[in-house]
Amino acid sequence: MKKLYFLPLLFLAFTGFAQKQFVVQNGTAQTFSDINAAIAAANAGDTLYIPGGGFSVAAPVDKTLHWRGVGHYPDSTIATGHTQITNTVTFTGNCDNSTFEGIFFQYGANFGSAGNEATGIRIKYCRVDGTLNMRYNTDISGGNPDLNFKISESIITNINAYLGTNVRMEQNLIFGIAFNFFQCLFINNSFNVNNSSSVFRDCDFCQFTNNVFSYHHGMDGNCSNCNFTNNIFQAALPYNPTTSSHTGSGNLYSVGVPNTYVAITGYVYQFSYENDYRLNPASTGTAEDGTTGVSIIGTGTDGFDAGIYGTTLPYKDGAVPYAPHIRTATIDNEAVSGNLGVKITVAAQER
């Protein structure tokens with residue numbers, strides 16, 4: 001199976017947004033000057049390595065591909081620039097099992113077609129502004145479709161499952177509303193949402209475990225039968241334990257907005273690469289039995305912290321994708337004896 005290497009280690013290591021050289025490698029190498037020509041040349045199942053730069057995908061993507069950018073954190077992409085898709089991209093229902101790492105989708109993404117779900121999607125180490133739509137519409141005439149969708153260690157704004165089921169949201173920084181989730185799992189996420197009416201809309205039978213809610217966390221009246229376990233809320237619980245259809249245990253509340261994280265510049269509901277989203281070790285909350293002054297550290301069901309830095313594998317700082325990562329790249333200003341000095345430092349990634 002051929003791979004489309006959009007990251008030639010020699011001459012693309014120095015490029016900025018103006019550089020648009022793409023290389024197809026399949027035994028021999030073929031170069032493209034346009035991302036869309038490279039996508040068109042790919043076969044289903046190929047891997048696309050995208051360099052730092054801003055690129056527009058002109059047409060809906062209609063095949064399974066594995067997209068690999070160089071990352072989106074500024075301090076991790078100094079040598080390459082970050083990878084950014086500058087328009088809303090549609091991935092049709094023929095894109096089952098596509099994967100994405102290290103890409104900033106500036107204006108969101110759409111998955112699926114009418115009557116044809118895109119299933120088995122994996123998104124990791126990405127940033128998605130705008131809205132990420134997991135389905136074409138909310139049609140459940142044949143039942144709630146099993147999307148088998150997983151988003152992890154990413155920065156997400158609005159997300160809409162369109163009444164799909166089997167979605168796993170894990171260790172994400174979330175700054176927008178979650179719409180239309182059915183029997184889905186939210187685990188070890190950090191919700192930082194400014195919407196006083198509701199953060200969850202039309203979400204039913206979902207499980208929320210080890211999450212942090214640093215600002216608003218309400219559920220609209222169309223949400224029902226969700227369970228909350230070992231979450232941290234800066235204010236009150238999002239449900240009435242006596243009268244609500246929602247259930248929960250092990251949650252902490254009344255932590256307070258300024259106390260949740262180690263360091264936030266500006267508003268907690270506005271993402272910044274400069275913020276430190278680790279839990280503040282000095283902060284406490286109130287347990288469901290009314291006990292006050294309970295530390296927010298180590299309260300997850302697994303004994304680790306709630307939020308993105310919990311579990312045995314905390315959130316990967318820098319969100320560098322699983323590929324050799326260019327840390328530094330230098331090139332001499334002049335050739336000496338016909339030779340031009342080039343030095344590239346590459347680091348392997350464990351995950």
Side-chain angles (χ1 to χ4, degrees), residues 4 6 20 22 32 34-51 53-69 72 82-142 144-152 154-169 172 174-182 184 202 321:
L4 279 71
F6 290 175
K20 295 179 184 294
F22 308 102
F32 295 89
D34 178 75
I35 188 173
N36 297 292
I39 292 171
N43 292 324
D46 285 348
T47 300
L48 284 66
Y49 291 92
I50 312 174
F55 311 106
S56 177
V57 178
V61 179
D62 197 43
K63 51 190 152 185
T64 299
L65 296 173
H66 303 288
W67 300 62
R68 297 293 182 269
H72 60 87
H82 67 277
T83 299
Q84 183 167 333
I85 302 299
T86 58
N87 65 310
T88 303
V89 186
T90 294
F91 301 92
T92 73
N94 294 328
C95 294
D96 293 346
N97 303 310
S98 292
T99 63
F100 305 83
E101 290 189 16
I103 303 170
F104 175 19
F105 290 92
Q106 186 177 1
Y107 294 106
N110 302 317
F111 289 88
S113 312
N116 185 14
E117 311 293 349
T119 62
I121 303 298
R122 299 291 183 267
I123 299 174
K124 191 173 187 179
Y125 307 141
C126 290
R127 177 177 176 179
V128 185
D129 284 1
T131 300
L132 193 159
N133 295 305
M134 301 180 185
R135 295 186 65 205
Y136 182 78
N137 56 31
T138 57
D139 178 22
I140 53 171
S141 56
N144 298 83
D146 184 341
L147 299 182
N148 186 23
F149 211 114
K150 182 179 180 181
I151 304 176
S152 60
S154 296
I155 301 163
I156 305 295
T157 310
N158 298 310
I159 43 176
N160 196 331
Y162 280 98
L163 302 181
T165 188
N166 191 18
V167 175
R168 185 182 181 99
M169 301 290 300
N172 301 291
I174 300 174
F175 292 85
I177 299 171
F179 299 89
N180 302 300
F181 284 80
F182 183 80
C184 298
D202 296 280

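Count residues from 1 along the sequence. Any value given below was found using the heavy atoms of this structure, including those in side chains, with hydrogens, waters and symmetry copies removed.
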Trainee: Output yes when a side-chain donor or acceptor of K124 lies under 3.5 Å from a complementary backbone atom of K150, and no otherwise.
Mentor: no
Trainee: How many angstroms lie between atom CG of N97 and atom OG1 of T64, to the nearest 0.5 angstrom?
Mentor: 6.0 Å
Trainee: Strictly by modelled atom types, are T92 and D62 linked by a side-chain donor-acceptor pair under 3.5 Å?
Mentor: yes
Trainee: So, does N137 use its side chain to make a donor-acceptor pair with the main chain of A114 at under 3.5 Å?
Mentor: no
Trainee: Could you grab the distance from atom OH of Y162 to atom CD1 of I140, nearest 0.5 Å is fine?
Mentor: 14.0 Å
Trainee: How about W67 and F91: are their ring centroids closer than 6.0 Å?
Mentor: yes
Trainee: Spell out, as yes or no, whether a donor-acceptor pair under 3.5 Å connects the side chain of D202 to the backbone of F179.
Mentor: no
Trainee: Do the side chain of S98 and the main chain of I121 share a donor and acceptor less than 3.5 angstrom apart?
Mentor: no
Trainee: For F104, does the CZ atom sit with more than 12 other heavy atoms under 6.0 Å from it, leaving out its own atoms?
Mentor: yes
Trainee: If I compare all heavy atoms of D129 with all of T157, which pair ends up nearest, and what's the gap?
Mentor: CA-OG1, 3.5 Å
Trainee: Quick one: closest heavy-atom pair of Y125 and S154, and the distance?
Mentor: N-OG, 3.4 Å
Trainee: Within the distance-only criterion (no hydrogens, no angle test), does the side chain of T119 pair as donor or acceptor with the backbone N or O of N148 below 3.5 angstrom?
Mentor: no
Trainee: In the structure I gave you, are the side-chain heavy atoms of L132 and F149 within less than 4.5 Å of one another anywhere?
Mentor: yes
Trainee: For G164 and C184, work out which heavy atoms get closest and say how close.
Mentor: O-SG, 3.7 Å
Trainee: Return the minimal non-hydrogen interatomic distance between A58 and N36, and the atom names on each side.
Mentor: N-OD1, 2.7 Å
Trainee: Just by distance, do the side chain of T165 and the backbone of F182 share a donor-acceptor pair under 3.5 Å?
Mentor: yes
Trainee: For the side chain of N180 and the backbone of T138, is there at least one donor-acceptor N/O pair under 3.5 Å apart?
Mentor: no
Trainee: Got a donor-acceptor contact below 3.5 angstrom from the T90 side chain to the P60 backbone?
Mentor: no
Trainee: Could you check if a side-chain atom of F100 sits within less than 4.5 angstrom of a side-chain atom of I85, using non-hydrogen atoms only?
Mentor: no
Trainee: Less than 4.5 Å apart, any side-chain heavy atom of C95 and any of L65?
Mentor: no
Trainee: Under a 3.5 Å distance rule, please check whether K63 uses its side chain to pair with a backbone N or O of A42 as donor and acceptor.
Mentor: yes
Trainee: Between D139 and S141, does any side-chain donor sit less than 3.5 Å from a side-chain acceptor?
Mentor: yes
Trainee: Does a donor on one side chain and an acceptor on the other come within less than 3.5 Å for R68 and T99?
Mentor: yes
Trainee: If you look at every heavy atom in Q106 and Q84, which pair is closest and at what distance?
Mentor: OE1-NE2, 2.8 Å
Trainee: Minimum heavy-atom separation for G93 and S113, please, with both atom names.
Mentor: N-OG, 2.9 Å
